[in-house]
Amino acid sequence: MYRTHTCGELNATHVGQVVTLAGWVHRRRDHGGVVFFDLRDRSGLVQITINPDLNAESLERVSAIRMEWVLQIEGVVQKRPAGMENPRMKTGEVEVIAKNVQVLNSSKALPFMINGETDLPDENTRLKYRYLDLRRERMTNNLILRHNVIRFMRDYLDRQGFLEVETPILFKATPEGARDYIVPSRVYPGQFYALPQSPQQLKQLLMVAGLDRYYQIARCFRDEDQRGDRQPEFTQLDLEMSYVHRDDVLAMVEGLYTAMIPAVAPDKQLLATPWPKLSYREALERFGTDKPDMRFGMELVDVSEIFARSEFKVFKSALESGGAIKCLLAPNSADMSRKEVDALTELAKSQGAKGLATLSFTDDGVKGTAAKFLSQQEVEAVKSRAGVRAGDLILFAADERSIVNKVLGNLRLVFRDKLNLADPNLLAFIWVVDFPMFAWNAEEERWDTEHHPFTMPQLADLDKFDTDPGAILSDAYDMVCNGYETASGSIRIHRRDIQHKIFELLGHKEADIQMKFGHMLEAFEYGAPPHGGMAPGIDRLVMLLADEPNIREVIAFPKNQNARDVMADAPSQVEQKQLQELGIRLSGTP
RNA sequence: GGUCCCGUGGUGUAGCGGCCUAACAUGCGGCCCUGUCAAGGCCGAGAUCGCGGGUUCGAAUCCCGUCGGGACCGCCA
């Protein structure tokens, strides 16, 4: 063994012991006579003291040593002289007086500094040298946190009677949902596997197989454009249970999370237990989104009624065409500059609104773009309905209801960030339930499933299939936290007739259904039990627990926004021979 | 596919028509220094300002294009 102890574990109880350590030079402080190194391994830092009476061989090595060299230090743990302790270091009471210094490896000058939190380079540089970036304490801690989260999940689910089962990475392309990553087959030229977007079908088949309670730390692949909270491959806690109703699944997962979070992230507070349940409709109406950040108020206020007889053209025409007028109260924002309001208006326009109307309640009276178009009574009515106080700003959106909600929902988040309305240590978990089963796809003139085609419609709505599919609610649910969708799931269809009906409504032809989903339909004919499940996203959860702004910070080797691995430079071309074996000829760019 | 923002020594920034033969910090090299902990002091090397074109007497600075990166919209069952 190279070492007897780790750096971070040393403390006053080790005083007097001879120890051997191995690690990186985090910092060096060379005083000419005495030299200090902070030696680092995963466990932390400890000060190594090189005194001038060290053996000549070691002493000669010391002068050449630079940051990130790998050393093996044999020495004696000593209590630091009085007044020389460093209370900011975990090991600050002690130091290791070196008796022998071996250089295990040297290091080139670093492409960027990794011993502080400031001055991080461009993210691509961090990704190119990810192995250096991960040496940083913050990144190491993120990976440790992620490990603790997954370990807790495994232990907890094991105690709850779940079995961890692995499912294939090479599977079958699915026509629904995201774009698939496909893998050519050598044995069957011209045919392709697909990487799973999730193990959805497989876990349902495990229920048919009688596994009863299944989970997996599952890698999922979706070939869509990136965001801060989306990567081409990501990890879910995929789970499925037999003989459950919606609330059984929710209670299981809520129990897991409320036990886990104090254990892995003790600084975080849960907003409420049990977690509030919001219907999809209610979430949209009150917060303008199906993934509301519940850490602060600023709810949307419907003022359509107040303006039922308004002469303000913008409001009038919105109502006449069946739309709505809603507003948002931005506290203490009446003094916002024209420029800032214009920027908000641009944002609103980018999301489909025609514009924004404002009222600002200043010391000099009511100002804003809507002021001169509204009557005194209308202004008073808005004031009392929205609870306006002096200094507040009101923003109106008048349009189709869906656009109004979307625009104000996004503005709500802009003000959250601008006015620091959300407590960063709060985790506001909620359940969003009662999603619509279908959404009309205007572009392709057909129905799409809102969740996925294996989701069980609510029984009360089954008779609406032929009359009003848009009104059918499903037994789908999302876990939402601080404005992120952190899990999604549903009770599944376990009856062949209903499943078949869904595929039909989605516009699949009979032959297609057999080719793409025949295995599922057939399985349902062999005594499929009622079942349901969920898939909490692990990357997003760890991101929230670690206070990171994106999931790349909690993934060891993520891809950049253009789905590129800049360290290994993937994707890359392959040998012509490989393509030949697969029967693939490149036709140039699509 | 679209919108917006960014690109200056290894790294992070400043400079935003002439004062730039490009500044500061850090890192790097050398020298001095026996108690520091972002150690300190002195000296030094290191950048054709992402790339291409244009405007101008003159471009890091203005314009156009392009490449790379980021945020967002579309997309993400």
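Residue numbers begin at 1 in each chain, while the letters A, B, ... track the order of the sequences.
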*Asks:* Select from A:Lys406 and A:Gln200 the residue whose nearest nucleotide in RNA chain B is closer to the 5' end of that strand.
*Replies:*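 Looking at RNA chain B, the more 5' nearest nucleotide goes with A:Lys406.
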*Asks:* What integer distance in Å separates A:Ile114:CD1 from B:U26:C1'?
*Replies:*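 For the pair A:Ile114 CD1 and B:U26 C1', the rounded distance is 15 Å.
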*Asks:* Using the P atoms only, state how far B:A25 lies from B:U66, rounded to an integer number of Å.
*Replies:*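 Their P atoms lie roughly 39 Å apart.
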*Asks:* When rounded to the nearest Å, what value does the distance between C1' atoms of B:G10 and B:U55 take?
*Replies:*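 To the nearest whole Å, 35 Å.
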*Asks:* With a 3.5 Å cut-off and sequence neighbours excluded, list the donor-acceptor pairs that the side chains of residues 503-510 of chain A form with protein atoms.
*Replies:*
unit_1   : atom_1 : unit_2   : atom_2 : d
A:His508 : NE2    : A:Glu176 : OE2    : 2.7
A:Glu510 : OE1    : A:His500 : NE2    : 3.0
A:Glu510 : OE2    : A:His500 : NE2    : 3.1

*Asks:* Which one, B:A71, B:G69, B:C37, comes nearest to the side chain of A:Asn560?
*Replies:*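 Selected nucleotide (nearest to the side chain): B:G69.
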*Asks:* For B:C6 versus B:C16, give the span between their C1' atoms, rounded off to a whole number of Å.
*Replies:*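 Pairwise C1' distance, B:C6 against B:C16, rounds to 15 Å.
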*Asks:* Among residues two or more places apart or on two chains, list those pairs meeting ring-ring contact (aromatic ring centres under 6.0 Å, His included) that have a residue in residues 26-51 of chain A.
*Replies:*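 Qualifying pairs: A:His31-A:Phe36.
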*Asks:* Name the nucleic acid region contacted by A:Glu346, choosing base, sugar-phosphate or nothing; use a 4.0 angstrom heavy-atom cut-off, strictly under.
*Replies:*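 No contact at all - A:Glu346 keeps every heavy atom at 4.0 Å or more from the nucleic acid.
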*Asks:* Taking the six-membered ring of A:Phe465, is the NZ or CZ of A:Lys501 close enough (under 6.0 Å from the centre) and on axis enough (within 45°)?
*Replies:*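 Yes, A:Lys501 and A:Phe465 form such a contact.
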*Asks:* Is a salt bridge present between A:Arg222 and A:Asp180, judged by a nitrogen-to-oxygen distance below 4.0 Å?
*Replies:*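 Looking at A:Asp180 together with A:Arg222, the answer is no, because their closest N to O distance does not fall below 4.0 Å.
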*Asks:* Atom CD of residue position A:Glu224 - does it have more than 12 heavy atoms of other residues, nucleotides or ligands inside 6.0 Å?
*Replies:*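 Count over threshold, so yes.
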*Asks:* Touch check for A:Arg126, heavy atoms < 4.0 angstrom, all strands: base, sugar-phosphate only, or nothing?
*Replies:*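 Contact class for A:Arg126: none.
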*Asks:* Checking all strands, does A:Asn124 fall into the base, sugar-phosphate, or nothing category for heavy-atom contacts under 4.0 angstrom?
*Replies:*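 The answer is sugar-phosphate, as A:Asn124 gets under 4.0 Å only of primed atoms, P, OP1 or OP2.
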*Asks:* Out of A:Lys128, A:Arg564, A:Lys559, which one pairs with A:Asp569 under the salt bridge (Lys or Arg N to Asp or Glu O under 4.0 Å) rule?
*Replies:*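 One option only clears the test, and that one is A:Arg564.
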*Asks:* Send over the distance from A:Asp290 CG to B:C76 P, rounded to a whole Å.
*Replies:*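 After rounding, the reported distance stands at 14 Å.
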*Asks:* Using a strict cut-off of less than 4.0 Å between a Lys/Arg side-chain nitrogen and an Asp/Glu carboxylate oxygen, indicate whether A:Glu137 and A:Arg40 qualify as a salt bridge.
*Replies:*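 Salt bridge between A:Glu137 and A:Arg40, a charged N being under 4.0 Å from a carboxylate O: no.
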*Asks:* Between B:G27 and B:C20, how far apart are the P atoms? Round to whole Å, please.
*Replies:*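 Pairwise P distance, B:C20 against B:G27, rounds to 27 Å.
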*Asks:* How close or far is atom P of B:C28 from atom CZ of A:Arg66, stated in whole angstroms?
*Replies:*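 These atoms are roughly 7 Å apart.
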*Asks:* How far, in whole Å, is B:G69 from B:C28 if one measures between their P atoms?
*Replies:*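 It comes out at 29 Å once rounded to the nearest Å.
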*Asks:* Check A:Lys99 with A:Glu74, please: is the shortest side-chain N to carboxylate O separation under 4.0 Å?
*Replies:*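 No, A:Glu74 and A:Lys99 are not salt-bridged.
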*Asks:* Could you check A:Arg281, A:Lys464, A:Gln458 and say which one makes a side chain to side chain contact (heavy atoms under 4.5 Å, CB included) with A:Leu473?
*Replies:*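 The residue from A:Arg281, A:Lys464, A:Gln458 that satisfies side chain to side chain contact (heavy atoms under 4.5 Å, CB included) with A:Leu473 turns out to be A:Gln458.
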*Asks:* Should we count OH of A:Tyr193 as having more than 12 external heavy atoms under 6.0 Å?
*Replies:*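 Count not over threshold, so no.
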*Asks:* Rounded to whole angstrom units, what separation is found between the CG atom of A:Asn562 and the P atom of B:G69?
*Replies:*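 Taking CG of A:Asn562 and P of B:G69, I get 5 Å after rounding.
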*Asks:* Once you apply a heavy-atom cut-off of 4.0 Å, does A:Gly83 come out as touching a base, just sugar-phosphate, or nothing?
*Replies:*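 It contacts nothing in the nucleic acid.
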*Asks:* Quick one: which protein N/O atoms are closer than 3.5 Å to N/O atoms of nucleotides 5-7 of chain B? Pair and distance per line, please.
*Replies:*
none

*Asks:* So A:Gln231, base contact, sugar-phosphate only, or nothing? Heavy-atom distance under 4.0 Å.
*Replies:*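 Nothing: the residue A:Gln231, judged by heavy atoms under 4.0 Å, touches no strand.
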*Asks:* So, is A:Arg88 close to the B:A38 phosphate, meaning a side-chain N or O under 4.0 Å from OP1 or OP2?
*Replies:*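 Answer yes for this pair, as a side-chain N or O of A:Arg88 is under 4.0 Å from OP1 or OP2.
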*Asks:* Could you name each residue pair satisfying ring-ring contact (aromatic ring centres under 6.0 Å, His included) that touches residues 214-238 of chain A, not counting sequence neighbours?
*Replies:*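 The answer is none; no pair qualifies.
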*Asks:* Between B:C76 atom P and A:His452 atom NE2, what is the distance in whole Å?
*Replies:*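 So the two atoms are 15 Å apart, to the nearest Å.
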*Asks:* What is the distance, rounded to the nearest whole Å, between atom CD of A:Glu93 and atom P of B:C37?
*Replies:*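 Answer to the nearest Å: 19 Å.
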*Asks:* Which one of A:Gln204, A:Lys203, A:His494 satisfies the side-chain hydrogen bond (donor to acceptor under 3.5 Å, both in side chains) criterion with A:His531?
*Replies:*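 It is A:Gln204, the one option of A:Gln204, A:Lys203, A:His494 that forms the side-chain hydrogen bond (donor to acceptor under 3.5 Å, both in side chains) with A:His531.
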*Asks:* Could you check whether the rings of A:Phe454 and A:Phe517 sit parallel, tilted or perpendicular, using 30° and 60° as the cut-offs?
*Replies:*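 Because their plane-to-plane angle is over 60°, the rings of A:Phe454 and A:Phe517 count as perpendicular.
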*Asks:* Which sits closer to the 5' end of RNA chain B, A:Thr174 or A:Leu347, going by the nucleotide each is nearest to?
*Replies:*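 This one resolves to A:Leu347.
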*Asks:* When the C1' atoms of B:C24 and B:A71 are considered, how many whole Å apart are they?
*Replies:*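 These two C1' atoms come out 29 Å apart once rounded.
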*Asks:* Sticking with atom C1', work out how far B:U26 lies from B:G46, rounded to a whole angstrom.
*Replies:*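 Between the two C1' atoms, the distance is 13 Å.
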*Asks:* How are the rings of A:Tyr129 and A:Tyr131 set relative to one another: parallel (under 30°), tilted (30 to 60°) or perpendicular (over 60°)?
*Replies:*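 The arrangement is perpendicular - the two ring planes meet at more than 60°.
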*Asks:* If you look at every strand shown and take non-hydrogen atoms under 4.0 Å, does A:Asp448 touch a base, only sugar-phosphate, or nothing?
*Replies:*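 Touches nothing.
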*Asks:* Please report the distance separating the C1' of B:G44 from the corresponding atom of B:G58, rounded so that it comes out in whole Å.
*Replies:*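 After rounding to an integer number of Å, I get 33 Å for this pair.
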*Asks:* Atom CD of A:Gln226 to atom P of B:G70: distance rounded to whole Å?
*Replies:*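 Interatomic distance, CD of A:Gln226 to P of B:G70: 10 Å.
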*Asks:* Mind calculating the distance between CG (A:Asn115) and C1' (B:U36) to the nearest angstrom?
*Replies:*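 These atoms are roughly 15 Å apart.
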*Asks:* Spell out protein contact along nucleotides 8-15 of chain B as letters: B when the base is contacted, S when just the sugar-phosphate is, - when no protein heavy atom is under 4.0 Å; keep the 5' to 3' order.
*Replies:* --SSS---
*Asks:* Do the side chain of A:Arg222 and the base of B:C76 come within less than 3.5 angstrom through a donor-acceptor pair of N or O atoms?
*Replies:*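 No, the side chain and the base share no sub-3.5 Å donor-acceptor pair.
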*Asks:* Tell whether A:Arg564 reaches the base of B:G68 with its side chain through a donor-acceptor pair below 3.5 angstrom.
*Replies:*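 A donor-acceptor contact between them is absent.
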*Asks:* Identify, residue by residue, the members of residues 22-48 of chain A with a heavy atom below 4.0 Å from RNA chain B, and return them in order of residue number, or none.
*Replies:*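 The stretch gives A:Arg27, A:Arg29, A:Asp30, A:His31, A:Gly32, A:Gly33, A:Val34, A:Phe36, A:Gln47 as the residues lying under 4.0 Å from the strand, ordered by number.
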